[in-house]
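Step one of this worksheet: look at the structure below.
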Amino acid sequence: MMPKNSGPLRLTLGIILLFCCVLTLQLVCPDESQAARRKFKKKECIDCHSDFSKKYRKMKNQHPGMEDGKCQECHLSHGIVGKLLLVEEGNKLCFRCHKQENFNLDKKTGVHTALRRGKCTSCHDPHASDSANFLRAEGEKMCFNCHQPDKFQKKVVHGIIREDGCRACHQPHYSDQPNLLTGAAEKLCLSCHDRKETGFKEAHGGYPMNTANCTTCHDPHSSDNDNLLKTSLHKPVAEAECDSCHNDATDKEPFALNTPAEELCLMCHDSDSIQGDGAVQHEPFESGECLSCHDPHASEQSSLLLNTGNNLCFNCHENTSKRNRFPHAPVESETGCLSCHSPHSAAYAGLVNKPEGELCYECHAETRTNGAKNRKQHSPFTENMCTSCHNPHGSSAENILFDRADSVCYSCHSGLEAEFMRTNVHKPVQTGQCTACHLGHGADNELFLKAEGEKLCTTCHEKSLFQEESASIHDPYEEGECLTCHDPHASDNKGINLEPQKLLCLSCHSDFEDQLLADKSLHQPVTNGQCTACHNPHQSKLNSLLLAQSRDLCLTCHTDLKTKMATENTHSPAERDCQRCHQPHSGDIDRLLTLPLQSLCTECHNPDKESFQKAHISIAVKDMNCMSCHDPHASKDPKYFKPTMHAPFAARSCDACHIVEKE
């Protein structure tokens with residue numbers, strides 16, 4: 001039942017409820033103007049890329065995707081962070097519209113390099129251009145993006161290049177002719193140059209040029225000479241005296257030689273003057289094969305050479321053409337091969353005009369001077385046999401050695417290679433670095449060592465002597481006599497030791513050897529020759545070069561005993577020092593005991609004490625074997641009894657079984 005004054009309350013609640021309903025309707029069913037305001041408006045690419053749009057929209061030729069605003073035909077959308085995301089990479093994107101088969105990419109040769117490498121955009125702008133075919137530049141400027149312009153812009157430029165550019169003779173994508181030519185070279189030239197024209201005939205001595213290759217004498221692009229003639233001209237060519245070498249122009253074989261090739265050159269060029277005093281002749285020169293190196297008509301190289309510098313030599317001497325990690329400077333110089341070699345003949349083998357050493361020392365004079373100061377000199381150095389170790393053209397090995405250092409050394413020291421094939425090899429020997437220790441030309445030390453004794457070893461092996469008062473240092477280590485124990489090259493012994501460890505140690509510690517032969521009980525590491533199981537061969541912070549204190553050292557091998565002593569009551573001598581009872585190397589007594597068992601035990605346990613007599617029912621010590629009942633190291637029993645005991649013994653009732661006669 002509602003109270004009497006509930007009217008105003010009902011009215012208030014009704015108003016609130018009505019307000020909530022209206023608000024809900026507004027949110028769920030907004031009017032059209034509000035809905036329109038909340039819609040996302042799609043942004044076009046050019047809304048952000050406005051600078052891009054300004055640049056390309058005004059250009060004459062628009063790519064369809066650009067013109068139609070269909071950027072996503074090539075690009076993937078990206079967010080607020082700008083990033084180039086293409087639908088496909090490289091030429092694959094272009095071939096979505098342009099048929100791939102039209103570009104002859106299946107051909108092994110004849111395809112423009114840019115196209116072959118998938119870089120259409122090297123030449124074409126993918127968006128727009130003022131040039132035809134969306135080229136990035138007009139005419140030859142386009143080509144000069146990759147091709148250096150110097151060789152095409154000499155004093156005399158081929159007229160058709162000035163007028164029509166590179167496309168007059170070259171295809172942009174593919175050609176079945178060399179150099180992307182639009183046709184066979186001889187036909188291409190004659191398509192402009194009339195071979196029947198009088199001036200043409202006179203310039204070529206009336207020879208039928210329709211079967212000749214014009215680029216034999218002419219540069220097709222530009223030249224510093226008139227008529228586009230190449231830089232270096234053979235005199236008969238320059239004077240249009242073709243019949244000096246060839247048959248008459250009217251002959252049925254006009255371009256055939258009128259004299260055998262090997263004799264023809266010598267009709268003008270005197271063999272003796274070319275050869276000079278050189279007794280060793282270059283094989284092509286000796287056999288009259290001048291055209292192996294020279295062009296008989298014209299060349300862009302001096303002396304009518306067929307190729308530039310070293311590249312000419314590398315046509316035959318391929319083994320010297322490979323790139324080396326350490327090139328010889330003369331090979332890389334402007335004069336190249338001719339720094340050391342003569343082209344036609346020379347006084348010495350290899351076409352060099354000086355003996356091997358003298359030739360090398362023309363540049364390496366300091367090496368000769370410094371080497372001569374050494375007290376010990378390597379024989380190849382003293383005998384000027386530089387190439388017995390070095391490759392004069394370059395090498396991938398340091399100091400231009402002809403191979404890895406060890407291979408070079410073994411070429412003379414052949415017996416050492418087998419000698420060093422051991423189980424343990426010194427790292428420099430293993431990696432072929434003989435020069436880590438030895439100098440190649442000479443040194444003041446024996447065996448051409450860089451330094452003597454430990455000074456050489458410590459260049460790799462750091463040495464710092466312990467200064468602690470308790471420290472012990474092995475004499476050979478302290479005195480730097482590494483080779484007392486180690487072989488510097490290789491050994492079948494661990495640590496590259498000269499001998500098996502036992503023999504090596506006993507060679508100095510001979511007093512031990514006599515003792516070992518006399519004693520019947522030997523410590524197993526001694527028997528096995530494992531001295532370094534307990535001793536450091538160089539230095540230690542403990543006495544006797546020990547690796548650890550006596551107890552800890554022993555328990556590294558005696559692990560069962562270590563576990564037992566850790567979990568049971570430990571006999572105090574065993575807790576303190578194993579050597580309280582045991583000899584470390586050898587002894588006359590079993591178990592390496594320092595004394596007979598009874599004597600050893602009674603050093604601590606007084607057999608005359610009443611308690612001792614009572615516990616042992618007055619049995620004489622000499623008749624006892626302490627270890628029959630007691631464990632000398634550790635036991636769970638406070639009296640160190642063994643874990644398994646006879647019941648009467650456990651009850652201390654010995655006389656239940658034994659009759660003890662008292663003296």
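The figures that follow rest on heavy atoms only: side chains count, while hydrogens, waters and symmetry mates do not.
- Of the possible polar contacts, one joining the Thr458 side chain to the Glu454 backbone as a donor-acceptor pair under 3.5 Å is found.
- Two residues are said to be in side-chain contact when any heavy atoms from C-beta on lie closer than 4.5 Å; Arg580 and Cys604 meet this criterion.
- Listed here is the closest heavy atom pair of Leu542 and Leu547: CD1-C, 4.2 Å.
- For Lys494, the NZ atom sits in a loose shell: 12 or fewer heavy atoms of surrounding residues, nucleotides or ligands are nearer than 6.0 Å.
- No side-chain donor-acceptor contact under 3.5 Å links Asn543 and Ser472.
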Check your understanding: Do Glu419 and Arg422 pass the side-chain contact (heavy atoms from CB on, under 4.5 Å) test, and can you show the C-alpha distance, the side-chain angles, and the key distance before you say yes or no?
Key -> CA-CA 7 Å; Glu419 185 179 330; Arg422 305 286 181 179; 4.2 Å; yes
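- When atom types are taken as modelled, the side chain of Asn606 and the backbone of Asp608 share a donor-acceptor pair closer than 3.5 angstrom.
- No donor-acceptor pair under 3.5 Å is formed between the side chain of Gln579 and the backbone N or O of Pro584.
- Taking 4.5 Å as the limit, every side-chain heavy atom of His571 sits out of range of all side-chain heavy atoms of His633.
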Point to revise | Verdict with supporting geometry, Asn625 and Leu597, side-chain contact (heavy atoms from CB on, under 4.5 Å) | key: CA-CA 7 Å; Asn625 182 346; Leu597 183 62; 3.1 Å; yes
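- Considering only heavy atoms from C-beta on, Lys520 comes within 4.5 Å of Asp590 through its side chain.
- Aromatic pair His630/Tyr640: ring centres not closer than 6.0 Å.
- Distance alone, capped at 3.5 Å, is enough to place a donor-acceptor pair between the Asn310 side chain and the Cys337 backbone.
- Residue Leu498 holds its CG atom at 8.0 Å from CG of Asn493, rounded to the nearest 0.5 Å.
- Nearest heavy atom pair, residue Ile619 against residue Met624, reads O-CE, 3.0 Å.
- Between Asp631 and Lys564 there is a salt bridge, since a side-chain N of the basic residue sits under 4.0 Å from a carboxylate O of the acidic one.
- Note: Thr308 OG1 to Phe314 CZ = 10.0 Å, rounded to the nearest 0.5 Å.
- In this structure the side chain of Leu593 never reaches within 4.5 angstrom of the side chain of Gln583, judged on heavy atoms.
- Enclosure of atom CD in Gln549 is not indicated, since only 12 or fewer non-hydrogen atoms of other residues, nucleotides or ligands lie within 6.0 angstrom.
- Asp492 and Thr423 form a side-chain donor-acceptor contact under 3.5 Å, judged by distance and modelled atom types alone.
- For Lys92, the NZ atom counts as loosely surrounded, since its 6.0 Å shell holds 12 or fewer non-hydrogen atoms of other residues, nucleotides or ligands.
- Contact annotation: the side chain of His344 never approaches that of His282 to less than 4.5 Å [non-hydrogen atoms, C-beta and beyond].
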Exercise for review: Report the C-alpha distance between Gln515 and Asp519 in whole Å, list the side-chain angles of each, state the deciding distance to 0.1 Å, and finish with yes or no for side-chain contact (heavy atoms from CB on, under 4.5 Å).
Suggested key: CA-CA 6 Å; Gln515 187 67 42; Asp519 290 337; 2.8 Å; yes
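- Judged by the 6.0 Å and 45° rule, Lys354 forms no cation-pi pair with Tyr348.
- In terms of heavy-atom proximity, Asp406 sits nearest to Val429 at OD2-O, 4.4 Å.
- For the pair Asp577 and Arg551, the minimum side-chain heavy-atom distance is 4.5 Å or more.
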Ignoring hydrogens and angles, write down the donor-acceptor pairs under 3.5 Å from the side chains of residues 553-562, residues two or more places apart or on other chains.
unit_1 : atom_1 : unit_2 : atom_2 : d
Thr556 : OG1    : Leu553 : O      : 2.5

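- Formation of a donor-acceptor pair under 3.5 Å by the Ser491 side chain with backbone atoms of Asp487 is not found in this model.
- Stacking of Lys376 on the aromatic ring of Phe448 is not recorded, the 6.0 Å distance cut-off and the 45° axial limit not both being met.
- Gln377 contributes a side-chain N or O that, together with a main-chain N or O of Ala372, makes up a donor-acceptor pair within less than 3.5 Å.
- Contact detail for Asn445 and Arg375: the closest heavy-atom pair is CA-NH2, 4.3 Å.
- Distance check, rounded to the nearest 0.5 Å: SG of Cys505 to CD of Glu499 gives 10.0 Å.
- Among all heavy-atom pairs drawn from Met627 and Pro632, the shortest one is CE-CG, 4.2 Å.
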Check your understanding: What do the steps show when you test Cys293 against Leu312 for side-chain contact (heavy atoms from CB on, under 4.5 Å), and what is the final call?
Key -> CA-CA 7 Å; Cys293 302; Leu312 176 64; 4.1 Å; yes
Practice item. Output, in order, the C-alpha distance, side-chain angles, deciding distance and verdict of salt bridge (Lys or Arg N to Asp or Glu O under 4.0 Å) for Glu469 and Lys541. Key: CA-CA 8 Å; Glu469 188 174 336; Lys541 292 183 179 181; over 6 Å; no
Under 3.5 Å, which donor-acceptor pairs link side chains of residues 525-534 to any protein atom two or more places apart or in another chain?
unit_1 : atom_1 : unit_2 : atom_2 : d
Thr527 : OG1    : His523 : O      : 3.3
Thr532 : OG1    : Gln501 : OE1    : 3.1
Thr532 : OG1    : Gln501 : NE2    : 2.9

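- Note: Leu416 CG to Cys434 SG = 9.0 Å, rounded to the nearest 0.5 Å.
- Within the 4.5 Å cutoff, no side-chain heavy atoms of Ser388 are placed close to those of Phe402.
- Between the side chain of His474 and the backbone N or O of Pro537 there is at least one donor-acceptor pair closer than 3.5 Å.
- In this structure, OG1 on Thr387 lies 10.5 Å from CD1 on Ile400, to the nearest 0.5 angstrom.
- Every residue was checked against the salt bridge (charged side-chain N to carboxylate O under 4.0 Å, His left out) condition with Glu356, not counting sequence neighbours, and none meets it.
- The aromatic rings of Phe381 and His441 sit tilted, their planes meeting at an angle between 30° and 60°.
- Between the Glu568 side chain and the Asp637 main chain, no donor and acceptor come within less than 3.5 Å of each other.
- Within a 6.0 Å sphere centred on CD of Gln524, heavy atoms belonging to other residues, nucleotides or ligands number 12 at most.
- Panel note: side chain His582, backbone Arg591; a donor-acceptor pair is recorded below 3.5 Å.
- Listed for the Thr369 side chain is a donor-acceptor partner under 3.5 Å among the backbone atoms of Ala365.
- In this structure, His538 and Tyr477 have tilted ring planes: the angle between them lies in the 30° to 60° band.
- Nearest approach of Ser395 to Ala397, heavy atoms of both residues: OG-N, 2.9 Å.
- With respect to the salt-bridge test (charged N to carboxylate O, under 4.0 angstrom), the residues Lys502 and Glu513 do not qualify.
- To the nearest 0.5 Å, the span separating NE2 on His605 from NE2 on His616 amounts to 8.5 Å.
- The shortest distance between side-chain heavy atoms of His341 and Val352 falls below 4.5 Å.
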